[in-house]
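Shown next, in structure tokens, is the structure this report addresses.
Numbers here simply count residues along the sequence, with the first being 1. Quick caveat: nothing in here was measured; it's all calculated off a predicted structure. For the numbers below, each heavy atom of this structure counts, side chains included, while hydrogens, waters and symmetry mates do not. Just so you know, ligand 1 is whichever comes first in the structure, and atom 1 is the first atom listed for that ligand.
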Amino acid sequence: MSELESLYQEVILDHNRRPRNFKVLESANRKAEGFNPLCGDRVTIYLEVDDEFVKDVAFQGSGCAISMASSSIMTESLKGKSLVEVERLWTTFHDIVTGESSESSGQTDVGKLAVFGGLSKYPVRVKCATLTWHTLLAALHETQQAVSSE
Ligand code: ZN
């Protein structure tokens with residue numbers, strides 16, 4: 001394992017141990033639930049949005065370290081972002097975890113999301129990382145159906 005990969009793993013483990021924004025968001029005006037049957041990951045996303053911006057975001061759930069860290073890092077990354085930026089971050093994140101692009105194209109600052117770059121070698125684990133994003137988008141778009149990664 002390279003130095004960079006072990007650093008990334010440290011970040012993931014830290015977020016799993018101490019997930020950020022892990023709570024019920026009382027001010028939420030959107031909410032969605034997601035489930036990844038392959039791994040048993042569950043997540044509930046709470047969003048407070050207006051027409052343009054993510055004012056606040058939080059999550060609750062249980063699952064593997066990847067899924068917990070992904071939710072934690074995602075919620076950190078999205079606060080204060082415009083809805084357009086959120087969609088752009090999701091596209092970039094998807095490219096990173098599926099190996100379409102190893103780094104940010106330079107257009108978008110992916111920040112800590114880069115720690116999931118090693119996942120493209122483990123396709124099954126990609127679903128653990130993307131579940132929380134699919135759930136977020138369902139909340140944003142007010143999709144009523146329960147989200148499954150399948
Ligand atoms: Zn998982």
Side-chain angles (χ1 to χ4, degrees), residues 1-26 28-49 54 56-81 83 85-105 108-150:
M1 191 186 290
S2 75
E3 226 169 276
L4 191 61
E5 277 177 334
S6 53
L7 175 73
Y8 283 174
Q9 201 166 55
E10 258 316 299
V11 174
I12 289 171
L13 291 177
D14 175 57
H15 275 267
N16 177 50
R17 272 194 302 267
R18 295 184 300 121
R20 321 303 198 262
N21 307 306
F22 188 84
K23 61 184 179 191
V24 174
L25 188 65
E26 300 294 345
N29 52 7
R30 308 281 177 85
K31 179 186 162 191
E33 290 174 22
F35 176 52
N36 172 15
L38 284 179
C39 184
D41 308 315
R42 288 182 185 279
V43 67
T44 303
I45 298 288
Y46 301 93
L47 258 182
E48 183 189 356
V49 289
V54 173
D56 210 350
V57 52
F59 78 102
Q60 289 212 300
S62 59
C64 66
I66 300 281
S67 73
M68 293 297 286
S70 184
S71 296
S72 174
I73 292 173
M74 181 187 76
T75 53
E76 264 198 333
S77 307
L78 294 184
K79 258 184 222 187
K81 290 279 193 299
L83 303 187
E85 285 173 306
V86 170
E87 300 277 350
R88 198 180 297 146
L89 265 183
W90 157 236
T91 306
T92 309
F93 180 73
H94 187 265
D95 286 350
I96 289 172
V97 295
T98 55
E100 297 284 314
S101 134
S102 56
E103 280 302 322
S104 150
S105 60
T108 309
D109 176 16
V110 296
K112 276 192 197 147
L113 296 174
V115 302
F116 296 100
L119 281 186
S120 56
K121 285 179 254 172
Y122 312 99
V124 174
R125 307 316 296 270
V126 168
K127 290 187 192 299
C128 299
T130 54
L131 172 72
T132 193
W133 283 87
H134 286 299
T135 308
L136 171 90
L137 293 176
L140 257 187
H141 300 147
E142 295 190 279
T143 313
Q144 294 302 319
Q145 273 174 331
V147 176
S148 167
S149 61
E150 285 307 281

Contacts table for residues 57-64: side-chain donor-acceptor under 3.5 angstrom, sequence neighbours left out:
none

For this session: Can you measure from CD (E142) to CG (L47) and round to the nearest 0.5 angstrom?
Result: 10.0 Å
Problem set entry | Partners meeting side-chain contact (heavy atoms from CB on, under 4.5 Å) with E76 (sequence neighbours left out) | H15, R20, N21, K112
Seminar exercise, completed: Rounded to the nearest 0.5 Å, the OG1 atom of T75 sits from the CG atom of L136 at a distance of 10.0 Å
Exercise. Do the side chain of T92 and the main chain of R88 share a donor and acceptor less than 3.5 angstrom apart?
Worked result: yes
Problem set entry | Atoms (protein N, O or S; no water) under 2.8 Å from the Zn ion (ligand 1) | 5
Exercise. How would you list, by chain and number, every residue that makes a ring pair (Phe, Tyr, Trp, His ring centres under 6.0 Å) with F116, sequence neighbours excluded?
Worked result: F93
